[in-house]
Amino acid sequence: MSLINLIDFNILGDERGSLVSLEQYQNIPFDIKRIYYIFGTKDGVARGFHAHKELKQIAICIQGECRFIMDNGKQKEEIILNKPNKGLFIDVMQWHEMYDFSHDCVLIVLASDHYDEQDYIRNYDDFLAIGLNK
Ligand code: TYD
């Protein structure tokens with residue numbers, strides 16, 4: 001199974017331009033309890049380097065581009081996000097890293113729960129060990 005799970009959002013366009021609508025349980029398959037966004041990322045910065053125990057997320061690059069590496073402990077796959085109508089589903093226990101943010105990149109993330117540091121696995125060896133015990 002691919003580690004890259006992209007959701008296509010309908011573009012509701014007309015002569016004025018484009019619009020995308022994100023709705024809980026319509027095109028977003030979880031409770032949207034939090035939205036955060038990453039922008040103004042400095043040159044050479046890489047982010048992420050963690051997995052979540054319970055949290056599900058969808059990342060959408062609504063402006064510019066960035067590169068994701070998704071990792072399940074056995075294999076890695078990467079993808080460039082550069083379209084405002086494509087959402088990358090980040091499932092539980094998916095180690096992810098983000099690279100190569102363009103200066104204009106705005107990455108918006110929908111999350112299934114509130115921020116909780118206890119839900120993070122930030123050590124890669126811990127991530128592997130937890131995965132093996134599942
Ligand atoms: P972090 O999760 O380390 O960012 P990334 O994984 O994208 O590199 O978060 C950076 C900081 O922001 C950290 O101190 C936690 C804080 N934070 C919140 O307070 N709320 C949030 O919703 C998020 C995502 C982070």
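Just so you know, these numbers come straight off a predicted model, no measurement behind them. We number each residue from 1, following the sequence as shown. Both ligands and their constituent atoms are indexed starting at 1 by order of listing.
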Step by step, work out the salt bridge (charged side-chain N to carboxylate O under 4.0 Å, His left out) result for Lys86 and Asp8.
CA-CA 5 Å; Lys86 299 270 181 206; Asp8 269 317; 2.3 Å; yes
Amino acids contacting ligand 1, non-hydrogen cut-off under 4.0 Å
Arg34, Tyr36, Ile38, Arg47, Gly48, His50, Tyr115, Tyr120, Arg122
Aromatic ring pairing His50/His52, orientation class (parallel under 30°, perpendicular over 60°, tilted between):
perpendicular
Answer with yes or no after comparing the ring centroid distance for Phe49 and Tyr120 against a 6.0 Å cut-off, counting only values under it.
no
Side chains of Glu23 and Tyr25: donor-acceptor distance under 3.5 Å anywhere?
no
Please find the pair of heavy atoms, one from Ile60 and one from Lys83, that lie closest to each other, and give the distance.
CG2-O, 4.2 Å
Under a 3.5 Å threshold, yes or no: a donor from one side chain and an acceptor from the other, between Gln57 and Tyr36?
yes
